[in-house]
*Asks:* 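Please see the structure below; I have some questions.
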Amino acid sequence: PLTVDAPAQRARRWRPEIQALRAFAVVAVILYHAWPARMPGGYIGVDVFFVVSGYLILGHLGHRLISTGRLDLADFWARRMRRLAPAALLVLGCTGAAVVAVVPLSLQDEQLAQLAASAVALGNWALLAQEADYLQAGQAVAPGQHFWSLSIEEQLYVAAPLLLLATVLLVSAVARRRAQTARPTQPAQPDAQRELRLRRGVVLSIVIGALALSIALSTLAVATGQPDAFLGTGGRVWEFAAGGVLALLTRRGPGRVGHASPLDGQARQQAEQAENAGRARSAARWAGWILLGASTLLYGPETPFPGVGALPVVAGTLLIIAAGTPLQPRGIAWLAAWRPVQWVGGVSYAAYLWHWPLIVLLPWVTLHPLTALEKVAIGGLASLLVAGALWGGAQTAQARAAGAGDAAEVTRGLGFPPSQDPAAPDPSAEAPLSPAECFGAPALTNPACDGVLEATGFTPTVEAASGDRAIIYS
């Protein structure tokens, strides 16, 4: 069987179950973007990323703040920038150049504005603003819209350490002042121990409080149909906080367990306890993967999301992280620790960044939808080939792999559930075409556009089209 060696087990940087979660998340998102009808709940991959990020980042910040009482904010932010910014800025730059090169002039301004907002971690709010302006007119899909989730993460990377540090410093200062003026009736604990317990309580209280407030806001926003229910930062905080609570309540760093050697009575008892714990972890691990797999297949247009609808996804992710990976993984743990899965998890960030611009921009290059054979051949292997191309640096192979889905299907692949996708068609009826679909000269010969142009005028206007690329309208 696959064996996790002891040095690797002690290395905090390698977590097989976390890499497997990243692989699952990016594959789910890519397949949803390519084939939303066949992977209707694939958008939950983004929520898996959120929980994993909360576990790693809030856990790191919380433990550092509890143990030392301070945070090096400049160092933390610099590390985040070095890890995330180069790849993101490269994708934004290449995407912006491609938009200028191939996208109709009448659509370029809003798409470039979305890319600019994403560069300063405001992509989700820019998308909300654009929806408010363009929903009624049939907003076109932009190649930078998937940056909404990265914008939320980056906003939290700025706010979370500031909130934690400021609150801990304030409470600690007040506690020290009270201790100087109070007259204790019993021997006091050592100052260092007392402050450690105080900081731990403050950090946990903040994270748990943020979790409770955020899930309440998210549930209310979904129930009342607020436009920021899916894209708003406040309704996503609880998913990060859930991962942070798990990290703060557990001290088992690497997340893997070994087996005791039954050499004496005490060792046998320890071995039995370890075996029972192993069974419990195995059950938790299976339950977590079942929850995630079922969510990708059973969720869809009618699912209220996120809010309480995201609870199975968050719970499944937490169960997998908490279960860890045994020294000799078997079954689902073996599959999660399998080298190809770990490989995909290692390139998940780059694959997520690149796949959506390629899917959106490819139809503007080919000027025709992909055939059924092309869609099957490309879409079926898209996630793994994109990851492999990025791992090896082969951009041309990556572009061939990521170009899954035709112009009709990509309008549904923003990482939204279909019911909240501004361009998603009504599955229960054949809705009349929108002005955005009655685009250019072919609309004049399309019977489905009868009445649309008369009611709204040409899209774009004759004045705008006269200065645009003629091939787009031919």
Side-chain angles (χ1 to χ4, degrees), residues 29 32 36 40-51 54 110 114 117 121-139 141-142 145-156 159-160 163 206-245 291 294-296 298-317 411-429 431 434:
V29 170
Y32 171 67
Y43 56 84
I44 62 102
V46 172
D47 303 86
V48 174
F49 279 128
F50 287 164
V51 177
E110 65 183 70
Q114 174 66 34
L122 295 174
N124 61 319
W125 297 111
L127 184 56
L128 279 169
Q130 288 183 357
E131 285 183 343
D133 292 337
Y134 296 106
L135 263 179
Q136 300 303 320
Q139 180 186 359
V141 176
Q145 287 176 335
H146 65 313
F147 271 85
W148 70 268
S149 60
L150 299 175
S151 295
I152 290 177
E153 287 202 31
E154 291 157 4
Q155 291 162 25
L156 292 176
L163 175 62
I206 294 173
V207 177
I208 293 174
L211 188 157
L213 177 60
S214 174
I215 194 172
L217 292 174
S218 179
T219 302
L220 178 63
V222 171
T224 57
Q226 296 180 22
D228 64 343
F230 196 88
L231 294 171
T233 304
R236 297 292 187 166
V237 169
W238 74 273
E239 298 177 344
F240 290 87
V245 170
L291 284 171
S295 297
T296 62
L298 299 179
Y299 279 23
E302 294 80 22
T303 305
F305 201 89
V308 294
L311 281 174
V313 180
V314 174
T317 306
T411 59
R412 300 170 57 195
L414 308 183
F416 301 97
S419 62
Q420 295 172 315
D421 184 342
D426 182 357
S428 62
S434 69

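All heavy atoms count here, side chains included; hydrogens, waters and symmetry mates do not. The first residue of the sequence shown is numbered 1, and numbering continues consecutively from there.
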*Asks:* Can you list the residues that meet the side-chain contact (heavy atoms from CB on, under 4.5 Å) rule with Leu298, with sequence neighbours excluded?
*Replies:* Ala294
*Asks:* To the closest 0.5 Å, what do you measure between CG (Leu311) and CD1 (Ile215)?
*Replies:* 4.5 Å
*Asks:* Can you name the closest pair of heavy atoms from Ile152 and Gly232 and give their distance?
*Replies:* CD1-O, 4.1 Å
*Asks:* Which pair of non-hydrogen atoms, one from Leu127 and one from Gln145, has the smallest distance, and what is that distance?
*Replies:* CD1-NE2, 3.4 Å
*Asks:* Grab the two heavy atoms, one from Gly123 and one from Gln114, that are nearest each other, plus how far apart they are.
*Replies:* O-NE2, 3.2 Å
*Asks:* What class does the angle between the rings of Tyr299 and Tyr43 fall in, given that below 30° is parallel, 30 to 60° is tilted and above 60° is perpendicular?
*Replies:* tilted
*Asks:* For Asp47, is there any backbone N or O sitting under 3.5 Å from a side-chain donor or acceptor partner on Arg236?
*Replies:* no
*Asks:* So do Gln155 and Asn124 actually touch side chain to side chain, heavy atoms under 4.5 Å?
*Replies:* yes
*Asks:* For Phe50, enumerate each residue passing the ring pair (Phe, Tyr, Trp, His ring centres under 6.0 Å) test, keeping only those at least two apart in sequence or located in another chain.
*Replies:* Phe240
*Asks:* Considering residues at least two apart in sequence or located in another chain, which fulfil the side-chain contact (heavy atoms from CB on, under 4.5 Å) criterion with Ala210?
*Replies:* Val237
*Asks:* Enumerate the side chain to side chain donor-acceptor pair (under 3.5 Å) contacts for residues 210-224, please, sequence neighbours excluded, ordered by first and then second residue.
*Replies:* Thr224-Gln226
*Asks:* Can you name the residues that form a side-chain contact (heavy atoms from CB on, under 4.5 Å) with Thr296, not counting sequence neighbours?
*Replies:* Phe24, Ala28, Met39, Ile44
*Asks:* To check you understand the geometry: which heavy-atom pair defines the closest contact between Val222 and Pro304, and what is its length?
*Replies:* CG1-CB, 3.6 Å
*Asks:* Contact between Trp125 and Thr233 at the side-chain level, heavy atoms closer than 4.5 Å - yes or no?
*Replies:* yes
*Asks:* Please round to the nearest 0.5 Å and tell me the distance separating atom CG of Leu128 and atom CG of Leu122.
*Replies:* 11.5 Å
*Asks:* For Leu213, what residues pass the side-chain contact (heavy atoms from CB on, under 4.5 Å) criterion, not counting sequence neighbours?
*Replies:* Leu217
